[in-house]
Asks: 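One structure, pasted below without further comment.
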Number of protein chains: 2
Amino acid sequence: MVQKDAGAVAKTRGRPRAFNPVKALHAMREVFWHKGYAATSLDDLCAAAGMNRPSLYNAFKEKAEVFKAVLDDYVAEVKPLYEKAFLAPVRYKEALLLVYETAFNIYLVHTKGLGCFMIGAALTDSTRDAGVAAMILEQLRKMDRGFLKLAQAAERRGELRAGVTPEQAAILCASIHNAISVRMRAGETVDDLRCYVKQAINIICA
Amino acid sequence: MVQKDAGAVAKTRGRPRAFNPVKALHAMREVFWHKGYAATSLDDLCAAAGMNRPSLYNAFKEKAEVFKAVLDDYVAEVKPLYEKAFLAPVRYKEALLLVYETAFNIYLVHTKGLGCFMIGAALTDSTRDAGVAAMILEQLRKMDRGFLKLAQAAERRGELRAGVTPEQAAILCASIHNAISVRMRAGETVDDLRCYVKQAINIICA
DNA sequence: GTCTTTTTGTACCATACTGCATAAAACCCT
DNA sequence: AGGGTTTTATGCAGTATGGTACAAAAAGAC
């Protein structure tokens, strides 16, 4: 173990990789995001990642593995963004706006609204890959929990509409979050969706 | 114009079709629903419809046309079911439950929850087919209007929670409807979603 | 310098897919 | 019965796709 820069890659034995693993994952993510899992070919992925098929098979094993790696990468990137919004020291209403604005920012890929990566690219094909379905459900649940914690904190501060439980508020917030993905991918504009979100928020916190 | 049974097909000139157009559309719908647009091949469709490729090319023109025919057929079948629920002479709460129960029934295909056909099979690929995207948006809007009318009627009868406008209520209802599709396809059980729906409804009408 | 390890690039194979050509079949009309 | 019309069935050609074999290349280890 030679001492090196902390950030440096551990010295490997063979020929060094010609491609940048991080950039490759990002490039492949965009292809999947635009075309969906099934419509994306390995050639598409290779072209986007700037590597040839054997390298792709060496780094991953098969298409499904590539996709899971991309999905993991997406989750890892998006998670802290949502967490930041969820933990912002602002009132409930503003926090919710912040969460949805975070979603809008994530869902806009090169000025094109594609919705959540999982819902847009993987949901359809989740019927045939139990692993992917499980990943989607897990992330949905995580968002649900985030919205629930937010609502519970709001309740403690008396910011919830009278007679509304945190559980109910959280379910609505999560539903809106899902609906945004669907509608954005179907072509609804961000401006329209912003109005949509504001209306919805007003029903939760008066 | 020879007088015949009212329901009979108009007498055509050549060899009669061996396949039942209605059954074929339904069978192909299921394939699309399970596998999604992109992952469904023409052979899959032929096998399901019980016809061979030239017949399929004769009846439709290409895969996209088949899909649009299937989508039209789906909409035509589903529309009256939702309308019936929307126009049922019951209280707001029960009407909403009825609408969502209608959705559950539609979305359960052979005991497997696949969500809305459009969201499950077409949404992903709507990025590359403007026609499909337009059809999805149109149907979303129709559901939105249905929920809005329902909420307006509820307001007139004083069944809306105080301080909630019909527009706000309608947006939440539509979001829940979208969320159900997403979650069902991701693997959530109908029982869980029923709880989800009940909780959500309670926030709209106290 | 030589050996070992890992990646790269070219080429390849088997399969699946789209789309069509062609001939036989089934029906109506006269 | 014969001609006209439309559908069916078989089969084929060109291409795309998923996946792999193999030799050359680039690095570290000794």
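Every chain is numbered from 1 and lettered A, B, ... according to where its sequence line falls, protein lines coming before strand lines. Note that the coordinates shown come from a computational prediction; the quantities given were computed from them, not determined experimentally.
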Asks: Are B:R185 and B:I119 packed together at the side-chain level, in the sense that at least one heavy-atom pair is separated by less than 4.5 angstrom?
Replies: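 SC-SC contact between B:R185 and B:I119 ruled out.
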Asks: Of the listed nucleotides (D:dT7, D:dA27, C:dT7), which one gets closest to any side-chain atom of B:R15?
Replies: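 Side chain of B:R15 sits closest to D:dT7.
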Asks: Which residues satisfy the side chain to side chain donor-acceptor pair (under 3.5 Å) test with B:E188, sequence neighbours excluded?
Replies: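 Partners of B:E188 under the side chain to side chain donor-acceptor pair (under 3.5 Å) test: A:R141.
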Asks: Quick one: sort the B:F147 and B:F86 rings into parallel, tilted or perpendicular, breaks at 30° and 60°.
Replies: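 Aromatic pair B:F147/B:F86 classed perpendicular.
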Asks: Quickly, which of B:F32, B:F67, B:F117 forms a ring pair (Phe, Tyr, Trp, His ring centres under 6.0 Å) with B:Y74? Name it, please.
Replies: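 So the option named by the test is B:F117.
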Asks: Could you tell me whether the side chain of B:R13 has a donor or acceptor atom within less than 3.5 Å of a complementary atom in the base of C:dC28?
Replies: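 Result: at least one qualifying N/O pair found.
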Asks: Please list residues of residues 30-59 of chain A whose heavy atoms come under 4.0 Å from any atom in DNA chain D, ordered by number; otherwise none.
Replies: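 Nucleic-acid contacts, sorted: A:T40, A:S41, A:L42, A:R53, A:P54, A:Y57.
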Asks: Can you tell me how far P of C:dT6 sits from CZ of A:R17, to the nearest Å?
Replies: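 Between P of C:dT6 and CZ of A:R17: 11 Å.
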Asks: What residue pairs, at least two apart or across chains, pass ring pair (Phe, Tyr, Trp, His ring centres under 6.0 Å) with a residue in residues 179-204 of chain A?
Replies: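 Residue pairs with at least one partner in residues 179-204 of chain A: there are none.
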